[in-house]
Structure formats: structure tokens, C-alpha cells
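Residues take their numbers from the sequence shown, with the count starting at 1. Counting starts at 1 for both ligands and their atoms, in listed order.
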Amino acid sequence: MAGVPSVAYPRIHLMCGIVGYVGDKSTIDVLLGGLRRLEYRGYDSAGVAVIDSEGHLSTRKHAGKLQVLVDDLANTPIPQGATGIGHTRWATHGGPTDENAHPHLGDDGKLALIHNGIIENFQELKATLLRDHPETEFTSETDTEVAAHMVGYAYRATKNLTAAMREVVSKLHGAFTLLAVHSDQPGVVVGARRNSPLVIGLGDGENFLGSDVAAFVEHTRRALAIGQDQIVTITPTEVVVTDFGGNTVPTEEFEVTWDASAAEKGGWSSFMAKEITEQPEAIANTLLGRVVDGKVNLPELAALDETLGKIDRLIILGCGTASYAGMVGKYAIERWARIPVEVDLSHEFRYREPVLDDRTLVVSISQSGETMDTLMAVKYATAAGAKTLSICNTQGATIARESDAVIYTHAGPEVAVASTKALVAQVTAIYLLGLHLASIRGTLSAEEIRTQLEDLQEAPDKLRTVLEQHDEIRELAHWMSDTRSVLFLGRHVGFPVALEGALKLKELAYIHAEGFAAGELKHGPIALIEPGQPVFVVVPSPRGTDSMHPKIVSNIQEIRARGARVLAIAEVGDAAVLPFADQVFAIPPSSTFIEPLLAFVPLQIFAMELAAAKGLDVDQPRNLAKSVTVE
Ligand code: F6R
């Protein structure tokens with residue numbers, strides 16, 4: 001494929017949560033607390049390893065949710081110690097069994113190792129191991145166990161865990177974060193990363209490692225981001241980061257702005273319920289400090305100053321819900337900044353040989369900042385000469401670090417697997433970008449920009465009034481809990497809202513759901529309408545200038561005439577919709593681009609409540625993980 005930049009792409013990848021600790025707190029409590037916050041990354045098995053004060057290594061691991069491990073440790077505790085590692089797994093390689101759960105052992109049970117990623121050449125490595133050490137016994141089907149034995153044998157030779165890790169990582173192909181402890185070296189945890197996340201938490205007389213800052217935010221707000229192909233050794237008083245060659249490398253300290261309590265469920269029935277109600281704050285916090293005197297203030301874009309003046313095209317990338325934020329952004333940026341915008345799914349973008357140059361700005365959107373498809377798309381864009389900007393919610397995340405600039409959304413930690421508050425924060429951030437571009441390009445007057453920003457600043461209060469309809473939506477959801485199929489229609493910015501409503505229902509309630517651009521109805525989907533078919537319709541304001549309202553009202557009439565049950569999300573008091581809708585969820589009057597921020601919310605609540613009515617786990621839907629680090 002001539003002209004296509006080559007970016008190494010790990011084929012497949014475990015999505016797991018990793019935590020490491022050295023210090024004088026109860027290590028088990030620190031590890032389990034960290035795993036609880038990371039469980040969204042994977043939740044089909046979990047395990048810990050701790051070195052006690054006598055220098056013995058104990059491990060415990062179980063298939064099933066973290067709670068299985070927590071209960072077992074409560075019934076039969078393992079000895080306390082000052083050094084430990086913990087893991088929560090989302091299996092793609094070797095089923096979710098006790099045996100395949102991490103940690104895995106090496107050096108006759110003196111070394112424990114956990115892993116996020118996949119070691120692509122593990123079969124060859126295993127063959128070499130068995131040739132050189134035929135006595136090696138394998139107890140699992142995992143690639144991780146091969147690495148554990150390799151580091152174990154390397155330790156025997158070097159008597160130094162860091163050196164052993166360094167020797168082994170150079171032989172591994174694929175993507176990995178590895179953490180290891182050895183009972184001969186209490187007070188030391190060694191980590192290594194390639195294409196898989198790892199951050200360091202800096203404490204006083206204690207230090208932490210985690211897949212992301214949620215792992216340790218309860219204990220410290222000081223964090224260090226580490227780069228690809230680096231090894232870190234932590235002791236209670238020291239953190240040393242080197243490259244795979246052993247050379248010391250500079251690190252970047254940052255302060256975690258997330259509040260530890262923000263990652264707690266509090267009194268809520270689920271993280272998702274909590275996060276849905278946090279959406280007004282997610283918008284307000286994303287705007288905080290970024291609107292000054294009626295103008296957009298985004299100093300984080302300084303690195304792109306030159307680029308923004310000359311770009312002639314934007315490509316927005318994301319997956320799932322993040323891609324819908326991008327779709328909403330496309331409508332706004334094209335309208336405001338008069339610049340062509342394409343929106344692509346990260347995984348489609350990378351393989352379609354996109355045409356890119358230095359006049360293209362590639363904007364990636366990712367809550368986690370770790371989604372492998374998006375990360376590799378960003379790398380691809382950079383290799384092809386485009387400038388990259390990311391919109392991320394997780395500080396120090398890999399996508400943020402790989403981009404030329406980052407606008408952080410300040411939604412706070414999103415724990416529920418299904419994205420809610422991150423989405424409204426992403427839309428807010430992309431609006432800020434659109435208005436900033438409009439200002440640079442002179443496509444909107446200062447007054448128009450001020451008005452749009454004022455609208456945005458009013459959005460949190462409007463959203464609060466939408467949240468007040470929770471009980472009503474719950475009632476509908478309970479009533480519809482046997483429904484087998486739901487359709488969603490929208491036009492313009494209501495189209496991505498329809499897509500998002502369908503995605504939420506699929507992933508949470510396991511119900512067939514589809515979103516359509518309402519204009520497409522007559523081109524096929526209307527054949528699906530039969531008596532009783534529930535259809536959510538996202539209705540724009542009748543006062544809008546886009547003349548979309550009459551068109552959607554005709555769409556409602558068309559489906560209603562064929563027996564559809566119409567569930568409308570419409571502006572309060574919209575008299576044209578009332579006669580044709582079986583139920584209306586009202587959103588306050590607002591301008592075109594504020595509407596999606598409000599209209600997402602009833603659909604989120606509906607999907608969550610319908611899943612709850614079916615007795616499903618809304619925070620951890622089946623087969624999913626929050627950080628999708630799989631191709
Ligand atoms: C759906 C959902 C996913 C994510 C997608 C991207 O509720 O959460 O569709 O939006 O996996 O994840 P991030 O934003 O972390 O890149």
C-alpha cells in the first residue's frame with residue numbers, strides 16, 4: 001500500500017486494570033480500593049499478590065467480579081505486607097477461570113507478575129523456555145504466565161528485578177503493561193509498558209502504579225506520566241524511570257484534578273445513575289476558565305496556533321459514543337467556522353488510506369484516552385503529516401500524550417461502562433473548539449460567538465430541568481421492559497442523538513435498537529414500522545431556523561399512520577407534536593446546538609431504567625469493558 005504510513009498495531013489486547021503499591025498502608029486495602037476503581041476496565045476475574053514482612057509472597061485470585069475476591073480475602077485473609085500488585089481482567093486470551101486470572105508466578109513461586117496486553121510471540125517464547133528449562137510447569141493458558149517464568153529465570157541470573165524485567169521486555173512482541181514483585185526484593189515493584197497504559201502515583205513514603213489515576217487518586221493527587229517502552233521501579237521513597245535500554249528518561253509530573261470521592265458511588269444505585277446526574281457539572285466544569293469576556297480561552301491550543309490559521313479540513317475520530325460527540329461537532333463546526341469536517345470511526349479511518357496533509361487537523365475524541373483504535377488512528381495521522389488534537393477526559397492518557405495538543409474535558413472520573421457525562425463534556429469541548437476556529441477564521445462576529453457561549457453556559461441549568469423527569473422516564477421504561485425492539489429517529493444534530501439512544505439501549509438493556517436519520521425513513525426503514533413499534537423521535541425546536549421541525553413532524557405523522565408508538569423528545573409546549581405523540585419528554589427551549597446536550601439525557605435514563613427493570617447490571621454490561629484496548 002504505497003504512501004500509507006506504517007504504524008505498528010498490536011493485534012489483540014487484554015483490557016485490564018492494574019495497580020501496584022509500596023508503602024506502609026494496608027497493602028491489601030490499597031490494592032482492592034484501586035481495583036474497585038479500575039474494575040470498569042475489566043471484570044471477569046481479579047487477583048492480588050502481597051509480600052509480607054517475613055518476605056513471603058502470597059497470592060489470591062478468582063474468576064468472577066472483584067467482589068468474589070474481596071469476600072474470599074475477608075473470610076481467609078492473606079498476610080499483610082508493604083508491597084503488592086493487583087489485577088482485574090477482561091479476558092480475550094484464555095477464558096475467565098481461576099487458573100487464568102492474574103497474578104502468575106515465576107521463580108518457584110517467589111515472583112508474581114500481572115499483565116495488561118498480549119504477548120504476540122508467546123508460543124515461541126514458551127517453546128524456548130521449555131527447551132532451556134524443561135522443568136517449567138504451566139498452570140494456565142495465558143501468555144502472561146510465560147512472561148512470569150521468563151522474568152523469574154532472568155531474576156535468578158541477575159538478582160535484580162528491574163534488570164530482569166529489562167532483559168525480558170526486549171524479547172516480547174505486542175502490547176503490554178507488566179508489573180512484577182519478587183519476595184527477595186520486598187519494597188520494590190517494577191513496571192514496564194508498551195502500547196498499554198501505566199501511570200505513577202507519588203506519595204510520601206509510599207508510591208503507586210496504576211492503569212490510570214483512578215487506581216490511586218484516593219491516596220495522592222501527584223502523578224507522573226510515563227512514555228512508551230519505559231520501565232519504572234518504585235520503592236517507598238524512590239521512583240526511577242528508564243527506557244528499555246536502561247537509560248534514565250525525563251518524566252512529567254502532573255496534578256490529578258479528579259476528586260477521590262468523585263469515583264465513589266455514594267448513595268446512588270449505580271455509577272451510571274450518579275454520572276447521569278453529574279452532567280450539568282460536567283458541562284460547567286469543561287467550560288470553567290475557558291470563556292473569558294465572551295471569548296473562548298483555550299491556552300492549551302498554543303502548540304497548534306500556526307496550524308489552526310492554515311488548516312482547510314478537520315477530521316474528527318472516535319468510537320461509539322465519542323464518535324457521536326464528533327458528529328454533533330461536525331454540524332457546529334461547519335456552521336460556525338465554515339470549514340469542511342469529516343467524522344470517521346477510528347478503526348475505519350486507519351484502514352481506508354485517508355488523504356491527509358499538514359493542512360488537515362485530526363481531532364480525536366476519547367473519554368479514556370486509551371482506546372486502541374483511536375490511539376492508532378492518531379499515530380497514523382501523525383505519521384501522515386497531519387496535526388493532531390485530542391479531546392480526552394483522563395489526564396496523562398496515552399492519546400493525550402500522543403497528540404500535538406489536548407483539550408481535557410472535566411467530567412471527572414466516569415466509572416460506569418456506558419458513557420454519559422463524558423459525552424456532554426466532549427460536545428462542550430468540541431463546541432469551544434468550533435467557536436475558537438470561527439473566531440480565528442472570522443466566520444462569526446464577536447457578538448455571535450458571545451451568544452453561543454452564553455447559550456452553552458446556560459446549558460447546565462437547562463439540563464437540571466431535564467433530569468427532573470427521571471421518575472416519569474423510569475415509569476415508561478418499567479412499563480416497556482418486555483419490549484424487543486426500539487427505533488430512534490432524528491435529523492441534523494438530532495441524528496447523532498438517535499444513534500446514541502439506540503447504542504445505550506443495546507449495550508445496557510440488550511434490546512435490539514436502531515437509530516436513523518429521519519430523512520432516511522422513506523428509503524427503507526419505514527418498512528420496520530408495524531402497529532405498536534416504539535419509536536423515539538428527537539424533535540428540534542419549532543422556533544429553530546433550520547426548518548427541521550415541520551419535516552420531523554411529518555415523519556412522526558408517517559410512522560404514526562402505520563401504528564408506531566411515538567415517544568417524542570420535544571421542546572416544552574411544542575403543540576405540533578402533542579397530538580401525535582404517545583408520550584413527550586420535554587426539554588427547555590434552547591438553541592439548535594444546545595438541544596443535543598439536553599436530548600441525550602432522557603434516552604440515557606430510559607436505557608438505564610429499562611436495564612434495571614430487567615434486573616441487569618447497568619454499570620457493567622455483559623461482554624463490555626470501559627477502556628477498549630482491543631483492535
Ligand atoms: C458507549 C461507550 C463506548 C465508548 C467508546 C469510546 O456507552 O461508552 O461506545 O464511547 O468505546 O471510548 P473512549 O471515549 O474511552 O475512547
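Residues Pro96 and Arg89 share a closest heavy-atom pair of CA-NH1, 3.9 Å.
Residue Glu507 has at least one heavy-atom neighbour below 4.0 Å for each of these atoms of ligand 1: 1 (C), 7 (O). Residue Val417 approaches ligand 1 through these ligand atoms, each under 4.0 Å from one of its heavy atoms: 8 (O). Listed by number with element, the atoms of ligand 1 under 4.0 Å from a non-hydrogen atom of Ala322 are 10 (O), 14 (O).
Look at Arg491 and Glu520 and you find no salt bridge, because none of the NZ, NE, NH1 or NH2 atoms lies under 4.0 Å from a carboxylate O. Residues Glu500 and Lys504 are paired through a salt bridge, judged by an N-O separation under 4.0 Å between the basic side chain and the carboxylate. Ion pairing between Glu342 and Arg313 holds under the 4.0 Å rule for side-chain N and carboxylate O.
Note: no N/O pair closer than 3.5 Å links Thr374 and ligand 1 by distance alone.
With a 4.0 Å cut-off on non-hydrogen atoms, Leu423 does not touch ligand 1 at all. Residue Lys504 touches ligand 1 through its side chain alone, judged by heavy-atom distances below 4.0 Å.
Between Phe585 and Phe606, the ring centre distance reaches or exceeds 6.0 Å.
Distances shorter than 4.0 angstrom do not occur between any heavy atom of Ile399 and any atom of ligand 1.
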